[in-house]
Amino acid sequence: MSTLTKSNHIGRKISRIRELRDMKQEALAQAMGTNQQTISALENSETISEEKLVEVAKALGVSVEALKNFSDEAAINYFNNFYDNSGSQGSFSHGPVFTFNPLDKLIEAYEENKKLYERLVQAEKDKVEFLQNILKDR
């Protein structure tokens, strides 16, 4: 089988995108209002009608163009570049974009832990005082 034939097999592309989205055939079938056997047949089809492609693309949450142009190599390159470009500040930067200051969140967590610890210590002090009062009354 030639690479050209393999890359144009739309059913395989649907199958790979479904797998990458961590979807089972049953889940795709439910999203499309059909059954698992139909999805299996669809994924074994080399060509699919444009109307069916639109339906599949919608159920998978991708565009029809993404279905038609999908390749494993492109997906691998995308994810490899995802981290390679994290330092760049271009319009397509994929690095972490914080809408908060991580140090502020760390300090908030520390303060919350401190308050919880103080409440725990106070509860233990109250318990000791209560038990001492019980012993004193005997």
Side-chain angles (χ1 to χ4, degrees):
M1 177 180 269
S2 74
T3 308
L4 182 61
T5 306
K6 185 177 179 184
S7 66
N8 287 330
H9 194 289
I10 194 71
R12 284 194 194 105
K13 292 178 181 184
I14 291 169
S15 176
R16 284 297 294 142
I17 291 172
R18 176 184 56 76
E19 290 167 356
L20 288 170
R21 298 191 54 84
D22 199 26
M23 254 183 138
K24 294 188 180 274
Q25 284 183 340
E26 292 84 4
L28 180 57
Q30 186 176 12
M32 291 177 60
T34 187
N35 59 30
Q36 182 269 328
Q37 291 81 7
T38 304
I39 300 302
S40 180
L42 196 71
E43 290 180 353
N44 288 318
S45 301
E46 198 165 331
T47 58
I48 296 172
S49 70
E50 194 68 27
E51 298 81 32
K52 189 59 83 172
L53 272 179
V54 170
E55 191 179 336
V56 171
K58 183 177 179 186
L60 287 172
V62 297
S63 67
V64 174
E65 290 76 31
L67 277 177
K68 290 180 179 179
N69 299 325
F70 176 80
S71 73
D72 284 325
E73 295 82 17
I76 290 167
N77 287 337
Y78 172 79
F79 287 109
N80 284 344
N81 290 332
F82 187 81
Y83 292 105
D84 292 347
N85 294 331
S86 63
S88 68
Q89 296 301 318
S91 60
F92 295 106
S93 175
H94 297 292
V97 178
F98 297 113
T99 56
F100 59 88
N101 185 342
L103 290 176
D104 288 343
K105 290 292 183 185
L106 182 65
I107 291 171
E108 284 177 26
Y110 173 77
E111 292 297 326
E112 185 66 28
N113 282 344
K114 184 177 171 183
K115 289 176 187 174
L116 288 171
Y117 179 74
E118 289 171 354
R119 288 193 343 223
L120 181 63
V121 168
Q122 186 59 45
E124 289 299 316
K125 286 180 181 177
D126 292 345
K127 192 187 309 180
V128 167
E129 183 182 339
F130 176 74
L131 291 172
Q132 284 175 344
N133 286 339
I134 290 175
L135 287 174
K136 190 168 66 172
D137 290 342
R138 285 189 173 184

For this session: Consider only side-chain N and O atoms of Gln36 and Gln25, and report whether a donor and an acceptor are under 3.5 Å apart.
Result: yes

Enumerate donor-acceptor pairs with a distance under 3.5 Å from any side-chain N or O in residues 50-60 to protein atoms, sequence neighbours excluded.
unit_1, atom_1, unit_2, atom_2, d
Glu50, OE1, Lys68, NZ, 3.2
Glu50, OE2, Lys68, NZ, 3.3

Extract all donor-acceptor atom pairs below 3.5 Å that involve side chains of residues 113-120 and protein atoms in other chains or at least two apart in sequence.
none

Exercise. Under 4.5 Å between any side-chain heavy atoms of Val128 and Glu124, yes or no?
Worked result: no

If I take atom [atom1] from residue [X] and atom [atom2] from residue [Y], how far apart are they, to the nearest 0.5 angstrom?
{"X": "Glu129", "Y": "Lys136", "atom1": "CD", "atom2": "NZ", "answer": "9.0 Å"}
{"X": "Ile134", "Y": "Leu131", "atom1": "CD1", "atom2": "CG", "answer": "5.5 Å"}
{"X": "Asn35", "Y": "Glu26", "atom1": "CG", "atom2": "CD", "answer": "10.0 Å"}

Exercise. Does CG in Asp126 sit with more than 12 non-hydrogen atoms of other residues, nucleotides or ligands closer than 6.0 Å?
Worked result: yes

Problem set entry | Trace of the side-chain contact (heavy atoms from CB on, under 4.5 Å) decision for Ile14 with Ile48 | CA-CA 10 Å; Ile14 291 169; Ile48 296 172; 3.4 Å; yes

For this session: Identify the heavy atoms of Leu28 and Arg18 that sit nearest to each other, and give their distance.
Result: CD2-CD, 3.9 Å

For this session: Please report the closest heavy-atom contact between Lys13 and Phe70, naming both atoms and the distance.
Result: CE-O, 3.4 Å

